[in-house]
Amino acid sequence: MKKALNSPNSIEELMQRAESMAGLNLGLLANYHQIEMPNDLKRHKGWVGQLIELELGALAGSKPEPDFVHLGVELKTIPISRSGKVLETTYVSVAPLTDIQGLTWENSVVCHKLQQVLWIPVQGDRDIPLAQRQIGSPILWQPSQEETQLLKQDWEEIMEFISIGQVDKVTARHGEVLQLRPKAANSQVLTDSIGRNGELTQTNPRGFYLKTQFTQKILSQLL
DNA sequence: CGCTGATCATTG
DNA sequence: CAATGATCAGCG
């Protein structure tokens, strides 16, 4: 699955496409794009996101940059329960574990990716068959000053640990709105990191995630 | 392997 | 029953 339609040329066009998806279910969309639909997401965790990308014309790629570079918009599908609760944390980006001297919040990938996010809520209750899960109304979000401050604070605190070789001391409990968690095929995967004495060592790759309560507030405020 | 898209599944 | 740590698939 990839090969996007033509990419939208403006935020207005992007939003128009996103709004026209609201109310549709995943079965219809998959059928329209002639995409095979798995029975569940156990072995297809990114399937919903990929389908939405296809529909909206996001440029599929594994680059650390926004989905719609030309528009400065990052696309995120977010699983929501029947009662409107956010069901999962939101992955933002991989955390840099080496060569981070001089790296500031303003220059970070996290900051850049979160400048403008298009949230697409999708029903995520596991008892709803994938085909019947409905897509919700899109929400275009830009962090407020307060939100930015919270994110920056967490990011700086976490990055401080990483820079002094204490990444292994950081758990998902650190941070109010942004957390650091493993991000790899499995816990055996290793990547370079800074050691206790500044030397190069190896550790399981980590990623930055938005905590559910933070995302919940974003969606609630604007719904 | 690193990064994208994320959700799973066990634990507290 | 929410949250943490672990995991799955595809691509360059």
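None of these values were measured; they are calculated from a predicted model. In the text below, chain A, chain B and the rest are named by the order of the sequence lines, each starting its count at 1.
Checking C:dT4, B:dG5, C:dA3 against every side-chain atom of A:Gln179, the shortest atom distance belongs to C:dT4.
Sorted by first then second residue, the ring-ring contact (aromatic ring centres under 6.0 Å, His included) pairs that include residues 69-91 of chain A, not counting sequence neighbours, are A:Tyr91-A:Tyr209.
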Original post:
For A:Trp141 and A:Thr215, what are the C-alpha separation, side-chain angles and deciding distance, and is it a side chain to side chain contact (heavy atoms under 4.5 Å, CB included)?
Top reply: CA-CA 11 Å; A:Trp141 169 78; A:Thr215 312; over 6 Å; no
Subject >> Worked verdict on A:Ile135 versus A:Leu26 for side chain to side chain contact (heavy atoms under 4.5 Å, CB included) >> reply: CA-CA 7 Å; A:Ile135 300 167; A:Leu26 300 180; 4.0 Å; yes
**OP:** Before giving the answer on side chain to side chain contact (heavy atoms under 4.5 Å, CB included), spell out for A:Arg126 and A:Leu41 the whole-Å C-alpha distance, their side-chain angles and the decisive distance to 0.1 Å.
**Re:** CA-CA 9 Å; A:Arg126 293 188 202 175; A:Leu41 299 178; over 6 Å; no
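Atom CD1 of A:Ile35 is separated from atom P of C:dA9 by 18 Å (rounded to the nearest Å). Rounded to an integer number of Å, the gap from NZ of A:Lys63 to P of C:dG10 is 20 Å. Rounded to an integer number of Å, the gap from CG of A:Leu87 to C1' of C:dT4 is 16 Å. Distance, A:Leu210 CG to C:dT4 C1': 16 Å, rounded to whole Å. Counting to the nearest Å, the C1' atom of C:dC8 and the CD atom of A:Gln188 are 15 Å from each other. Put simply, CG on A:Asn186 is 12 Å from P on C:dA9, counting in whole angstrom units. Nucleotide B:dT4 holds its C1' atom 10 Å from the CD atom of A:Glu74, rounded to whole Å. The interatomic distance linking A:Phe214 (CZ) with C:dA3 (P) rounds to 15 Å, in whole Å.
Contact annotation for A:Leu190: backbone-only contact, meaning every heavy-atom pair under 4.0 Å involves sugar-phosphate atoms and none involves a base. The residue A:Gln216 sits apart from the nucleic acid: no heavy atom pair falls under 4.0 Å.
Phosphate contact (OP1/OP2 of B:dG2, side-chain N/O of A:Thr191, threshold under 4.0 Å): present. Phosphate proximity of C:dC1 to A:Lys85: absent, as no side-chain N or O sits under 4.0 Å from OP1 or OP2.
DNA chain C is contacted by both A:Ala185 and A:Lys211; A:Lys211 maps to the nucleotide lying nearer its 5′ end (nearest heavy atom per residue).
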Subject >> Contact pattern, 5' to 3', of nucleotides 6-12 of chain B - B, S or - by protein heavy atom under 4.0 Å >> reply: BBBB---
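Each of A:Val94 and A:Val170 belongs to its own hydrophobic cluster when Ile, Leu, Val, Met, Phe, Trp and Tyr are linked at side-chain heavy-atom distances under 4.5 angstrom.
The pair A:Arg206-A:Asp168 counts as a salt bridge, with a side-chain nitrogen and a carboxylate oxygen less than 4.0 angstrom apart. Remark: A:Lys152 engages A:Glu106 in a salt bridge, criterion side-chain N to carboxylate O under 4.0 Å.
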